[in-house]
Number of protein chains: 2
Amino acid sequence: MTIQPQPQSIVAAQRARAPATCAKPGSNLPGLTLPFARNQEIYVADAPVSFIYRVVSGAVRTVSGLRDGRRQVAAFYLPGEVFGLEAGGTHHLSAEAVTETQLALTSRSVLEWTATRDHEAVAQMWSLATHALARTQDHLLVLGRMNAGERVASFLIDIAERSNSGDVVNLPMGRGDIADYLGLTIETISRTLHEFEERQLIALPNCRMVKLLDVAKLQSMDAERTRRGRG
Amino acid sequence: MTIQPQPQSIVAAQRARAPATCAKPGSNLPGLTLPFARNQEIYVADAPVSFIYRVVSGAVRTVSGLRDGRRQVAAFYLPGEVFGLEAGGTHHLSAEAVTETQLALTSRSVLEWTATRDHEAVAQMWSLATHALARTQDHLLVLGRMNAGERVASFLIDIAERSNSGDVVNLPMGRGDIADYLGLTIETISRTLHEFEERQLIALPNCRMVKLLDVAKLQSMDAERTRRGRG
DNA sequence: CGATAATTTGATTTTTCTCAAGACGCGTGG
DNA sequence: CCACGCGTCTTGAGAAAAATCAAATTATCG
């Protein structure tokens, strides 16, 4: 849907600077960090999996799309969160930096070596993978069965919880990314936020900052989830 | 969305009949199979993970939902496919038999015991988990960005490929399940199938049987995927 | 063979998208 | 410091897609 400027790939350079040996075995969160510019590609779909990544600062989106330009953002990753694990031998999605971003890299080979001897590390990786799946499954319910208001409410609550900055959320991503994450258009995102503002559910000091005024009401739109198949 | 009759839970009975010891270690596809009736619950969300399951015959759906009755089918599982692995300690979704179904069970404890000594088994489980994630991510694109025709086309092609019965697909699930899988209503499913029939893309001998007449055209609606973030 | 559930079909309404302007913000350079 | 330009966001009006409501038809099962 949203077309953005083409970022130059520096994956090759990244690899050159981050050989497998520089991540310390036994430490699953190595010290090496790399900077990425806004909209810069971190990896492309179908590329072999070479690293897993932890967001140090900034934000990352994983993306798939159709050839006609329609885009789907599968997930956002905020500081402290790990991504890139959600693949077999090759990446299934692309990953891009949403803003200026610092990423901590761990090479896959080190990780695999660790996994052969450290059951704790295996359990951690398994946990990461299953959480990623659970999150994606929740996202299905949002995209398949929620209306615009419910989608935006669930998004705001999710981001607020994960950025643990209280009720004030600083959105790293623009309206286009939110739209492509929620399966809506930028206009609908804008209108829905404006409607929430009028209903005193949120305040919008500026377009990248949201203050949640009535979390309970926002949650009641979203969180009426049930795990049962039939209500 | 679709409300169906409440099935009685026989999870307790199932457990009693399938103690951890009856699955053979070293064999990841044990001989024990259990029958499930149409719409019968296999496991509930938030229940501890006790088994993984392979579909011997029939079909299974995994489901989440909202309290007001809206339902989202996350996935269907056809004969030969494995499910129930996509969880940490507890299930995130419910699983239900779509039709009369035979399931082969492997107890989780046996699986974990195997995993501590058999790296091949670990790799297999990892592969299952990452494929489940990749499938779910593809589903996001369907629900977030495709129109009704594209959704139905992608569904038909997917089921046809997985049931490898040539161009003739026998749908184990009703319109309601398809609707809840594709984020549409039963009426839209029905109308879209009828439109496909008129356009000679499919034949509908009866409502549970679809013959794909123009797979290429169906695929061109669906498969124009690109893994790149921007077209 | 009849009752009940599932599917199809039609008419109408609602939601969201699309298209089109306009406003705002932000960085750059004069 | 302010004007300019560009990208992003907002706002509005109309169009399109799918949902909803309602009824008829067909399948399924005892």
Side-chain angles (χ1 to χ4, degrees), chain A residues 1-7 37-39 66 68-71 98-100 142-152 170-198 202-210 221 230, chain B residues 1-7 37-39 66 68-72 98-100 142-153 170-198 202-210 221 230:
Chain A
M1 216 95 253
T2 312
I3 309 295
Q4 288 178 271
Q6 181 77 26
R38 188 167 102 94
N39 290 329
L66 301 171
D68 62 11
R70 283 179 286 180
R71 255 187 7 148
V98 173
T99 60
E100 319 309 302
V142 173
L143 296 184
R145 285 304 181 208
M146 285 188 185
N147 63 31
E150 293 167 334
R151 293 185 203 202
V152 173
N170 222 314
L171 298 175
M173 70 294 285
R175 298 289 185 266
D177 278 342
I178 301 176
D180 288 342
Y181 178 74
L182 295 178
L184 300 168
T185 61
I186 54 175
E187 293 95 332
T188 299
I189 301 295
S190 184
R191 279 186 254 264
T192 305
L193 287 172
H194 182 239
E195 185 209 314
F196 283 4
E197 201 182 12
E198 284 189 325
I202 62 172
L204 278 170
N206 68 65
C207 70
R208 291 297 181 109
M209 182 167 290
V210 181
M221 302 182 68
R230 36 195 106 259
Chain B
M1 217 94 253
T2 313
I3 311 294
Q4 289 178 267
Q6 181 79 24
R38 187 167 103 95
N39 291 329
L66 301 171
D68 61 12
R70 283 180 285 179
R71 256 190 3 151
Q72 178 63 45
V98 173
T99 59
E100 319 309 302
V142 173
L143 296 184
R145 285 306 181 207
M146 286 189 186
N147 64 31
E150 293 166 334
R151 294 186 202 201
V152 173
N170 222 314
L171 298 175
M173 70 295 284
R175 297 290 184 267
D177 278 341
I178 301 175
D180 288 342
Y181 178 74
L182 294 178
L184 300 168
T185 60
I186 53 175
E187 292 95 332
T188 299
I189 301 295
S190 184
R191 280 187 253 264
T192 304
L193 287 172
H194 182 239
E195 184 208 314
F196 283 3
E197 200 181 12
E198 283 188 326
I202 63 171
L204 278 169
N206 67 66
C207 71
R208 291 297 182 108
M209 182 166 289
V210 182
M221 302 182 69
R230 35 196 107 258

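Each chain gets a letter, A, B and so on, in the order the sequences are listed, and its residues count up from 1.
Between B:R145 and A:D180, some side-chain heavy-atom pair lies under the 4.5 Å cut-off. You'll find the side chain of B:L143 reaches within 4.5 Å of the side chain of B:R151, heavy atoms only. Counting heavy atoms from C-beta on, the side chains of B:H194 and B:L204 never come closer than 4.5 Å. Looking at heavy atoms from C-beta onward, A:R175 lies in side-chain contact with A:L193 at the 4.5 angstrom threshold. Side chains of A:M146 and B:L66 form a contact here, defined as non-hydrogen atoms less than 4.5 Å apart.
Within the 4.0 angstrom heavy-atom criterion, no nucleotide atom of any strand lies near A:R151. Across all strands, B:G149 comes closer than 4.0 Å to no nucleic acid atom at all (heavy-atom distances).
At whole-Å resolution of the value, CD in A:E187 and C1' in D:dG14 are 13 Å apart. For the pair B:I178 CD1 and D:dA18 P, the computed distance is 16 Å after rounding to whole Å. One atom, CD1 of B:I189, and another, P of D:dT20, lie 13 Å apart when rounded to the nearest Å. Atom CG in B:L204 sits about 7 Å away from atom P in C:dT8, given to the nearest Å. Rounded to an integer number of Å, the gap from B:M146 CE to C:dC17 C1' is 18 Å. Whole-Å rounding puts the A:F196 CZ to D:dT10 C1' distance at 17 Å. Distance CZ (A:R38) to C1' (D:dC6): 12 Å, rounded to an integer number of Å. Whole-Å rounding puts the A:N147 CG to C:dT14 P distance at 15 Å.
Residue B:S190 places no side-chain N or O under 4.0 Å from the OP1 or OP2 atom of C:dT7. Dashed line: the shortest gap from a side-chain N or O of B:T188 to OP1 or OP2 of D:dA19 is under 4.0 Å.
Residue B:R191 places a side-chain atom within donor-acceptor reach of the base of D:dT20, judged by atom type and a 3.5 Å distance cut-off alone.
For A:R175, the listed nucleotide lying nearest its side chain is D:dC9; candidates were C:dT7, D:dC9, C:dT9. Closest to the B:L184 side chain, of the nucleotides D:dA19, C:dC17, C:dT8, is D:dA19.
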